[in-house]
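Residue numbers run from 1 in the order of the sequence given.
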Amino acid sequence: MAIIETEAALHVAHRDNHTHRDVNGGWLRPAVFGAMDGLVSNLALMTGVAGGSVSQQTIVITGLAGLAAGAFSMAAGEYTSVASQRELVEAELDVERRELRKHPQDEENELAELYVARGVEPDLARQVARQLSKDPEQALEIHAREELGIDPGDLPSPLVAAVSSFGSFALGALLPLLPYLLGATVLWPAVLLALAGLFACGAVVAKVTARSWWFSGLRQLALGGAAAGVTYALGSLFGTAVG
């Protein structure tokens with residue numbers, strides 16, 4: 001009796017602890033990419049304009065325009081990309097659904113062969129395939145996972161991707177602007193805040209992906225700093241040439 005209770009407790013503990021994060025929800029990639037892109041692109045845009053020795057008002061207007069244009073562009077791009085991907089997947093699911101309806105026995109044999117190829121005994125594989133094929137929707141889900149590598153019930157949402165991308169880009173692009181909106185008259189506070197934001201974003205991403213937080217943070221810091229430095233140099237060069 002004690003052994004049974006111990007095994008039950010271990011099963012409950014395994015069930016409670018053995019969980020996975022949502023990796024197919026369609027929000028993480030556009031949110032991370034949007035925040036990084038907003039920070040880097042608007043910081044680079046503002047430093048490039050500032051390098052041309054323009055007024056504070058021009059830098060602020062440039063940053064606001066970059067925020068709005070980039071956020072809408074990212075949202076539209078993500079929506080179109082995810083919607084197109086989803087439509088392609090749904091088209092392939094329709095093909096598989098028709099095959100299951102027209103040639104159920106062939107599809108059942110195909111499923112059994114897949115299990116045999118993975119090491120299941122032929123008789124057992126045929127029994128499993130026959131049992132799973134009794135429910136058409138279950139059969140479609142299994143064939144989609146085995147043949148296409150997708151889960152029909154967990155397709156990414158274009159709207160979620162677009163909203164995540166828009167909001168994260170706007171938030172990232174706002175960081176370099178904040179010092180100016182709060183009264184700063186020089187560039188360096190905006191650069192420092194944006195670089196700190198890049199490091200923080202990199203560190204947060206590392207928490208999700210299980211990478212080293214300091215490595216991920218420094219990598220984003222270096223990339224963003226390099227982009228800002230190059231655009232500032234180009235702005236100074238072009239500003240001098242035009243002037």
Got a list of side-chain donor-acceptor pairs under 3.5 Å for residues 126-135, not counting sequence neighbours?
| from | atom 1 | to | atom 2 | distance (Å) |
| --- | --- | --- | --- | --- |
| Arg126 | NH2 | Asp123 | OD1 | 2.4 |
| Ser133 | OG | Ala129 | O | 2.7 |
| Asp135 | OD1 | Glu137 | N | 3.2 |

Applying the side-chain contact (heavy atoms from CB on, under 4.5 Å) test to Tyr180, which of Val60, Val186, Thr185 qualifies? Val60

Smallest separation among heavy atoms of [X] and [Y], with atom names:
X	Y	answer
Ser41	Gly38	OG-O, 3.7 Å
Phe166	Ala75	CB-CB, 3.8 Å
Ala50	Leu187	CB-CD2, 3.8 Å
Ala162	Tyr79	CB-CB, 3.8 Å
Ala194	Pro176	CB-CG, 3.9 Å
Ala227	Val40	CB-CG1, 3.9 Å

In the structure I gave you, are the side-chain heavy atoms of [X] and [Y] within less than 4.5 Å of one another anywhere?
X	Y	answer
Asn42	Leu174	no
Val95	Arg98	yes
Pro152	Glu141	yes

Any sub-3.5 Å donor-acceptor pair from [X]'s side-chain atoms to [Y]'s backbone N or O?
X	Y	answer
Ser236	Tyr232	yes
Gln56	Ala184	yes
Ser84	Thr80	yes

Which residues satisfy the ring pair (Phe, Tyr, Trp, His ring centres under 6.0 Å) test with Phe215, sequence neighbours excluded? none

Path from [X] to [Y] over hydrophobic side-chain contacts below 4.5 Å:
X	Y	answer
Val163	Val160	no
Leu221	Trp214	yes
Leu124	Leu114	yes
Leu45	Leu178	no
Val54	Leu177	yes

Working to the nearest 0.5 angstrom, can you tell me the gap between [X] [atom1] and [Y] [atom2]?
X	Y	atom1	atom2	answer
Ile150	Glu90	CD1	CD	9.5 Å
Leu175	Leu192	CG	CG	12.5 Å
Leu111	Glu108	CG	CD	8.0 Å
Glu78	Ser164	CD	OG	9.0 Å
Leu39	Leu223	CG	CG	12.5 Å
Leu67	Thr62	CG	OG1	12.5 Å

Determine whether the side chains of Glu113 and Asn109 contain a donor N or O and an acceptor N or O closer than 3.5 Å.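 Looking only at side-chain atoms, Asn109 and Glu113 do not form any donor-acceptor pair under 3.5 Å.
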
Examine the side chains of Glu147 and His143 and answer whether a donor and an acceptor come within less than 3.5 Å of each other. yes

Heavy-atom count around Tyr115 OH within 6.0 Å, excluding the residue itself: above 12?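 Atom OH in Tyr115 is packed in, count exceeds 12.
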
Taking 4.0 angstrom as the limit, do Arg101 and Glu96 come out as a salt bridge?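 So Arg101 does not pair with Glu96 through a salt bridge.
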
